[in-house]
Structure formats: C-alpha cells, structure tokens
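The next block holds one structure in the form of structure tokens; read it before the comments.
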There are 2 protein chains.
Amino acid sequence: MALSSTRTNASRAAVLAFLGTHGAASRAEIARSLEVSPALVTKLARELLADQLIIELTHSPSRGGRPAQLIGLASHDIGAIGVKVAPDHLTMVEVGIDGEVTHVETRDFEASSPHALATLVTAVSEVVKLSTRRTQLGIGVGIPGSVQEQSEHSVNSTQLGWTNVPLGSALQSATNLPVLIDNNVSALALAESLYGTGRGHDHFLVVTIGSGVGAGIVSHGSIIRGHSGNAGEIGHIPVTTDGPVCNCGATGCLEAAIKEESLVRQARSAGVIGPHDGIGALEVRGAAGDPRAQEVFANAGRLFGRAVAGVVNTLDPEIVIVLGEGAASWPLWAAGFEPAFRPALIPQKRGIQVVVEGWQDDRWAQGAACLILSTPFDDAGVSGKQGHLIRERLTTHAGAPS
Amino acid sequence: MALSSTRTNASRAAVLAFLGTHGAASRAEIARSLEVSPALVTKLARELLADQLIIELTHSPSRGGRPAQLIGLASHDIGAIGVKVAPDHLTMVEVGIDGEVTHVETRDFEASSPHALATLVTAVSEVVKLSTRRTQLGIGVGIPGSVQEQSEHSVNSTQLGWTNVPLGSALQSATNLPVLIDNNVSALALAESLYGTGRGHDHFLVVTIGSGVGAGIVSHGSIIRGHSGNAGEIGHIPVTTDGPVCNCGATGCLEAAIKEESLVRQARSAGVIGPHDGIGALEVRGAAGDPRAQEVFANAGRLFGRAVAGVVNTLDPEIVIVLGEGAASWPLWAAGFEPAFRPALIPQKRGIQVVVEGWQDDRWAQGAACLILSTPFDDAGVSGKQGHLIRERLTTHAGAPS
DNA sequence: ACTCCTTTGTTCACTCGTGAAGTTACTGTA
DNA sequence: TACAGTAACTTCACGAGTGAACAAAGGAGT
C-alpha cells in the first residue's frame with residue numbers, strides 16, 4: 001500500500017467525491033458529469049470495487065435503454081472539518097461527505113488578541129479529537145480576507161487585523177490533517193455549487209449581507225479569485241457621493257451604507273430604536289409595521305439592488321443567491337431591492353432569478369468544509385500539495401471496514 | 001496525409017501558435033509557457049522539424065547553463081482575417097500570425113438593411129480572394145452583441161438590430177474557411193492578452209469608451225463570457241439617479257451619461273459647441289483650453305472612474321487597459337477619472353496600473369482576427385469544431401514551400 | 001413474438017503526456 | 001586548467017485517457 005500511494009490517480013478521487021456529493025449514480029451519469037469517457041469510468045469503477053471503496057446498488061428503471069446500474073460509496077463515514085473565523089467568534093462544524101452538518105460548535109474568539117492563533121489551533125484540534133467519524137479528509141477555513149498563495153499558509157485580513165499569519169502551517173502541524181484556507185464568501189459559493197442552489201449552474205453569484213457585504217463569483221464553473229485573491233469585494237462599490245466614510249477610507253461605499261452597524265446607526269439617530277438597541281430591535285420594528293424602520297431597510301435594499309445590478313450586468317450570471325445574517329430580514333430589504341434592481345439590468349437579464357436562502361449560522365463553516373470536499377474536482381490542481389494529500393486520504397482511507 | 005489528419009494533435013498547433021505570437025523561442029521556454037513537460041516539447045519539436053513546419057535558429061547566449069537552441073516558424077506567411085461589424089461600417093483586416101496588420105479595408109455598411117448579411121459576406125469574400133498570403137487560418141468576427149453557442153452560428157445584437165442572424169454559417173459556406181464570432185470587446189481583450197499590454201497578466205480588464213462603453217474581462221488567463229455571452233456590459237452599470245434615459249430603458253446608465261453622443265448633446269445644450277458640431281469639435285475645444293469643454297470630459301471621467309472602480313473592486317484585476325475611440329482624448333477624461341477612481345478602490349488596489357493605449361481604428365478588427373490566432377491555446381476546446389479546423393489548417397498547410 | 005431503437009456498460013488498441021534519470025554545453029571560480 | 005554549478009535538452013518506461021466497435025438489457029410499435 002505504501003508503494004502504490006505514489007500514484008495519486010486524480011479521477012479515482014473525483015469519482016468518490018462525486019458519489020459523495022451527488023449520491024449514488026450510474027457509470028454513464030458519472031462519465032457525463034465529470035466529462036470523461038465511459039470507458040474510463042468502467043475501468044475506475046472496477047478498481048474501486050476491487051478495493052471495496054464503492055459498492056454496486058440496485059438497477060434503476062430503464063428509460064428506453066439498458067437500465068443503469070447504480071454505484072455508491074461503500075462507507076459514508078467520511079467527512080471534513082469546516083471553520084469560520086470571525087473577529088469575535090469561531091464556528092466549527094463537522095460535515096459528512098454528503099454535505100450534511102453533523103456537529104456544530106461555536107466559541108468566543110478575539111481575533112486581535114496576541115494568542116488568537118494558539119486559541120484557534122487548540123479549538124480546532126479539540127473538535128478533530130472529539131470527532132467520531134472514521135475518516136477526516138481535512139480542515140477547511142473560511143476567513144474574511146484573502147490568502148496569499150492559494151492553499152498555502154499566510155493569511156491577510158483587515159477585518160481580523162491579521163497580516164501574514166501562518167494559520168495553515170500551524171493548523172496542519174497541530175492536527176496532522178490537510179488544511180485549505182480561503183475567503184469565506186468564496187467558500188460559501190463553493191458550497192452552493194456543490195450542495196446548494198448553484199448546483200448545475202456554471203455562472204452564478206453569491207451575495208452576502210450582514211455585518212459586511214461580499215460576493216462569491218462562480219464563472220464557467222469555477223470560483224473567480226482575482227489577481228490577489230480580493231475578487232468579490234463588492235462592499236466597496238461606490239454607490240453614493242455623500243454617505244458615511246467607510247473604514248477603507250473612501251466615501252460612498254456600499255458596505256458603509258448598508259451593513260448592519262450602519263442601519264442601526266441610522267435608525268438610532270432617527271429615533272426609530274433606542275440608543276442601545278441593535279439590529280434585532282430594528283428588524284422587529286420593521287416586521288411589526290413601523291414605516292420608519294421599513295424605510296431604513298428599503299433604502300438599504302435600493303442601494304444594494306443598484307449595486308448588484310451593476311455586478312450582474314458586468315458578469316452575466318444565471319442566478320443570484322442572497323445569503324448572510326441579513327438575509328433573515330430579506331422581506332424588508334426586498335421592498336427597496338426589487339424596484340431598484342430589475343430596471344437597472346440590461347433587458348436580457350431582467351428575468352434573472354434571485355434566490356434568498358434561509359439563513360443558518362453554521363452555513364459559513366459548512367462552506368469552509370467544502371473547500372476540502374471539492375478538491376477532488378479541481379482539475380487544475382489549484383489546491384496544490386494539500387489537494388494531493390486530500391485525494392490520497394480519500395482513495396486510501398475511505399474503504400469499508402474490513 | 002488524409003489518414004493522419006484524424007489526429008489533431010492539439011499541442012503541435014499550440015507550439016506553432018506560440019512561436020507565431022511570441023516569436024522564436026527555446027524548447028525550454030515553450031514548455032514553461034505552455035505548461036507542459038520539456039520532454040513533450042522535445043518530441044513535438046522533432047516532429048515539426050521533420051515536417052518542415054519549424055526551423056532551428058541560432059543559439060541564444062547562455063545565462064549560466066547550456067545555451068538555448070531557438071526554434072522558429074519555417075514560414076511566417078500565415079495569417080487570419082479579422083472583421084469588425086459596426087452599425088454603419090465594416091472594417092476588415094488581414095493579420096500575420098505575429099499579429100501585425102498587413103492590410104486594412106473599411107466600407108460603409110448598413111446593418112439594418114435587409115441585404116446586410118449578403119453585403120457582409122460579399123465584402124469579406126473579396127478580402128479573402130485578394131489576399132496574397134499563402135495560408136489563411138480563418139475568419140474572426142467581432143460584433144457588438146452576443147453569440148449563441150460560442151463558435152457556432154447565430155448572432156444577437158441590439159446595436160445592430162440583429163436577432164439570430166446565421167452569420168457564421170453564411171461566411172463559412174461562402175469562403176470555405178473556419179469562422180469564429182464573438183463579442184467585439186472580448187475579442188479586443190484576447191488581442192491584448194496575445195500581443196498587447198495584457199501579455200503575461202492572468203487577470204486584467206479592458207475597458208472601451210467611445211460610441212458605447214464596454215469591458216472585456218480576462219480572469220485566470222481566460223475570457224469571462226458569462227451565462228449568455230453578455231458579460232462585460234459595464235455600460236449599464238447604474239451611476240446616477242437622474243440622468244438621461246438609456247436605450248436599454250433604464251435611467252442613470254453609465255453609457256447613457258458618457259458615450260460620445262451624450263457628451264456632444266451636453267456640450268451643444270451648454271453652448272460649448274455649435275448645434276451641428278460633433279465630438280471632434282468638442283475635443284478641439286477641450287484641448288485648446290476651453291474650461292466648459294474640459295468640464296464635460298472631466299464629468300464623464302468622474303462617472304467612468306467610479307464605475308470602473310466598482311468593477312476593479314469586484315474582479316481584482318492586475319491592470320486596467322483603456323481603449324476605444326474616446327481614448328484619444330484621454331488627457332481630458334483623466335482630469336475627472338483619476339480623482340474619482342483611485343480613492344474609490346479598496347486600499348490594496350489603489351496602486352493599480354491604468355494603461356491607456358493609443359488608438360488605431362483597425363484595432364477592433366485585429367482583435368477579431370485574434371479569435372482565430374488564439375484557438376490553438378484553447379485547451380478546453382470552447383471553440384469546438386471550428387477550432388479543430390483551424391488547428392488542422394495550421395498543422396497541415398503551414399509548412400515551408402517545398 | 002418480432003424488429004427497431006435507445007441507452008448502458010465493456011473491451012481493446014492506441015496516443016498523449018509525464019517523471020525520473022541521464023546527457024550536453026555553457027559560465028564562473030579556485 | 002580543472003572543477004563545480006546551472007540550465008537546456010534527450011531518452012525511456014509507464015500511466016492515464018480516448019475512440020471505435022461491440023455486447024447487454026430494456027422499451028415501443030407492429
């Protein structure tokens with residue numbers, strides 16, 4: 001076994017990952033989805049069967065031809081760890097290879113503390129240790145910021161106040177698992193394309209609203225990261241000529257105008273909520289029918305709508321997915337969003353579908369875990385050495401108990 | 001030969017195209033640029049030498065190791081035709097495989113005429129017939145609009161008033177050459193990445209100003225086209241809440257505010273130029289120092305700067321290239337552009353390079369020709385059957401005269 | 001029951017491309 | 001002048017993946 005581990009056999013891993021994310025499938029279906037020849041899938045399936053990594057299931061009813069022989073994973077006891085790093089808390093999840101979250105854990109965290117890195121490593125290590133799953137493929141981390149050298153170590157994030165923090169190598173040496181780190185919204189987009197609404201769409205946009213504003217861009221089936229990993233920073237699209245000064249230094253940024261903190265400030269100074277009330281109180285007011293509260297959201301919706309329209313015109317996605325803490329109060333946003341958004345699109349795009357997803361807090365962390373689960377599909381090998389390790393774990397340790 | 005033509009040998013074509021676009025190079029350099037192994041280049045070079053498609057040139061001086069043996073194309077008498085289709089005129093060029101324009105021809109054209117298609121086909125056929133070049137790889141066409149099914153036939157363009165015009169098949173059957181059609185700005189971006197400033201950059205933005213406003217997006221080395229081929233329509237980013245009604249039906253579109261026609265209208269109603277003067281007169285006024293004319297351009301520059309800043313924040317390109325008829329008067333635009341653009345960027349991007357290219361009118365058509373010249377590099381085979389034909393022509397007909 | 005059609009899955013010969021190891025031909029240094 | 005260092009190129013054995021042809025297993029119409 002030690003000798004044969006040199007050959008990584010990328011497509012073996014891809015087949016396993018496909019069966020995990022998609023569920024049982026026929027050889028023909030796998031070949032079509034992974035865009036390889038049926039001949040290859042036959043060969044791979046034979047090998048994987050011999051290694052007891054997959055099993056043959058029932059035949060599915062024929063649709064005018066030979067009925068398909070479904071194959072599925074021999075063991076679903078495979079998964080990954082996902083970590084969301086926020087300025088004030090950590091969320092860690094364990095997910096199965098089918099994307100389902102099986103364990104959630106949230107802890108307070110102070111990103112600006114000098115012990116932040118050590119605290120994070122300890123917390124993640126504990127989650128790894130506590131896991132009952134037989135095989136963990138790796139640890140995915142989503143951060144509000146960018147990563148130098150995709151899949152490599154150092155992390156930069158203005159929101160966290162981190163510059164060149166060697167998060168990757170620290171986690172890796174502590175847990176002995178492969179580690180991938182990426183921007184949190186990009187990770188979310190990845191999750192949508194594997195398990196969510198983005199499935200089957202080659203071009204879509206994930207936009208998030210909440211404590212910040214961001215976008216994950218999927219084009220031609222893969223994530224757009226940009227030259228320095230900063231793609232998707234739609235929070236700093238200029239939308240007004242006045243408005244508050246953003247912490248990026250500019251005036252009129254989308255984010256400065258519509259992030260939660262800003263909505264709260266507007267509402268407080270207008271006397272809609274008390275000087276110590278937060279976004280929750282504002283939402284309650286709006287839902288209860290207070291027109292001044294509703295106007296705060298509607299105004300944010302209008303600005304957001306115009307900005308997103310610009311992005312849609314520029315990138316031509318097939319659908320737009322709205323996510324984030326703020327999505328919970330979308331009905332309030334929508335009053336301003338829809339009338340601002342649609343008319344500002346080019347005519348061909350005015351019918352574009354906008355999907356608002358119910359928000360669960362663990363979604364970010366689940367997205368981070370998808371960094372791991374999606375590597376086997378990464379033809380270009382962007383994930384480099386870590387990706388290699390993940391594929392190796394998948395094709396080696398994922399067999400049925402013998 | 002007929003038998004061996006079944007194997008297309010994609011990388012043979014890629015090597016030839018690389019030598020054409022890049023100039024003579026060593027095997028090692030080719031391997032690095034095309035991201036293949038040196039072993040493969042050795043093998044391919046041997047074959048191509050045997051077929052007399054390439055020749056060995058001088059050794060280049062060593063830089064501390066074995067000196068590189070340069071190889072170059074046996075014949076540079078290879079080229080392509082590029083066609084720019086505008087509402088009122090056609091520009092056709094012949095370019096060499098090195099990207100140089102060797103022949104230009106412009107004709108009046110009425111896109112809305114019922115005979116438009118026939119006229120276009122005749123004009124292009126004549127250029128093909130007149131060509132003295134021994135091998136034409138194909139015909140590239142750039143249109144202001146989108147193409148259904150990349151590399152296939154039918155064309156949609158609101159600017160031309162065309163819906164599902166079978167331009168591709170018409171040109172192909174008339175000339176018996178491979179034909180590729182694409183959006184004109186995307187084609188321009190392709191030209192920049194092959195022969196221009198974009199060379200060596202994996203992420204850049206080409207923005208054009210003039211009778212319209214558009215963008216070509218290159219990300220991770222390839223053109224972003226979007227779900228329905230409409231990516232890059234930055235002309236309809238909303239930038240003002242008032243402003244003239246755009247012909248897309250919306251109010252406040254970038255294009256409606258800053259296209260030439262709009263600048264002229266503003267200048268006329270302000271009395272800066274006479275009621276029958278055009279953009280040329282306005283530029284002369286501005287260059288001569290008329291502050292009112294300068295303000296028209298500066299205002300356009302401001303709007304443009306803010307919009308482009310939003311796009312840069314969203315896509316994180318490495319450089320921005322400004323092109324188009326309007327680029328000739330860039331100094332006038334710049335007065336408004338720079339102070340609006342830089343501060344609106346996220347801090348990491350404030351140093352981004354903006355390159356303004358001197359404008360030649362045949363540039364669009366040259367870009368279109370690059371659709372043909374770039375196909376050998378198209379790994380994914382987006383260009384489909386036509387791409388196949390082009391590669392075949394390149395590896396078959398491109399030999400030295402025997 | 002028979003034929004035709006459709007779709008799935010398999011076999012086989014073959015090409016493309018690679019990694020590893022070695023060879024060639026220079027520059028720079030003791 | 002010998003030696004190490006460096007980079008370009010070559011050879012070779014091997015694996016991954018494919019196209020083409022075929023076999024298998026059903027449905028639908030007659």
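Residue numbers start from 1 in every chain, and the chains themselves are labelled A, B, ... in the order their sequence lines are given, proteins ahead of strands.
- There is no side-chain donor-acceptor pair under 3.5 Å between B/Gln353 and B/Glu318.
- As rounded to whole Å, 15 Å separates atom C1' of C/dC26 from atom CG of B/Leu70.
- Rounded to whole Å, the distance from CD on A/Gln69 to C1' on C/dT7 is 15 Å.
- Between B/Glu35 atom CD and C/dG17 atom C1' the separation is 14 Å, expressed in whole Å.
- Across all strands shown, A/Ser37 has heavy atoms under 4.0 Å from base atoms, whether or not it also approaches the sugar-phosphate.
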Name every donor-acceptor pair, under 3.5 Å, that has one atom in a side chain of residues 22-31 of chain B and the other anywhere in the protein, sequence neighbours excluded.
from    : atom 1 : to      : atom 2 : distance (Å)
B/His22 : NE2    : B/Glu29 : OE2    : 3.3
B/Ser26 : OG     : B/Glu29 : N      : 3.1
B/Arg27 : NH2    : B/Glu56 : OE2    : 2.9

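- Rounded to an integer number of Å, the gap from A/Leu57 CG to C/dT8 P is 17 Å.
- In this structure, of D/dT18, C/dG17, C/dG9, it is C/dG17 that holds the atom nearest to the side chain of B/Leu40.
- A donor and an acceptor atom sit less than 3.5 Å apart, one in the side chain of A/Arg66 and one in the base of C/dT8.
- Taking atom CD1 of A/Ile30 as the reference point, atom C1' of D/dG17 lies 16 Å away to the nearest angstrom.
- Taking only side-chain atoms of A/Val36, from C-beta outward, the nucleotide of C/dA25, D/dT18, D/dT10 with the closest atom is D/dT18.
- Rounded to a whole Å, the CZ atom of B/Arg63 is 6 Å from the P atom of D/dA8.
- Note on B/Arg27: every side-chain N or O is 4.0 Å or more away from OP1 and OP2 of D/dA7.
- Note: CG (B/Leu48) to P (C/dC16) measures 12 Å, nearest angstrom.
- Taking 4.0 angstrom as the limit, A/Ser11 places none of its side-chain polar atoms (N or O) nearer than this to OP1 or OP2 of D/dA16.
- Take the nearest nucleotide of DNA chain D for B/Val41 and for A/Leu44: the residue whose nucleotide is more 5' is B/Val41.
- Note: A/Leu180 CG to A/Cys370 SG = 12.0 Å, rounded to the nearest 0.5 Å.
- Not a single ring pair (Phe, Tyr, Trp, His ring centres under 6.0 Å) links B/His59 to another residue, sequence neighbours left out.
- The separation between B/Leu49 atom CG and D/dT10 atom P is 9 Å, rounded to whole Å.
- For A/Gly65 and A/Ala39, each mapped to the nucleotide of DNA chain C holding its nearest heavy atom, the one lying further toward the 5' end belongs to A/Gly65.
- Both A/Lys43 and A/Gly64 lie close to DNA chain C; mapped to their nearest nucleotides by heavy-atom distance, the more 5′-ward contact belongs to A/Gly64.
- At D/dC9, none of the side-chain N or O atoms of B/Arg46 fall inside 4.0 Å of OP1 or OP2 (strictly under the cut-off).
- Side-chain nitrogen and oxygen atoms of B/Ser62 include none within less than 4.0 Å of the OP1 or OP2 phosphate oxygen of D/dT6.
- Of all the heavy atoms in A/Leu137 and A/Arg393, the pair that sits closest is O-CD, 3.4 Å.
- Distances shorter than 4.0 Å separate some side-chain N or O of A/Thr42 from OP1 or OP2 on C/dT10.
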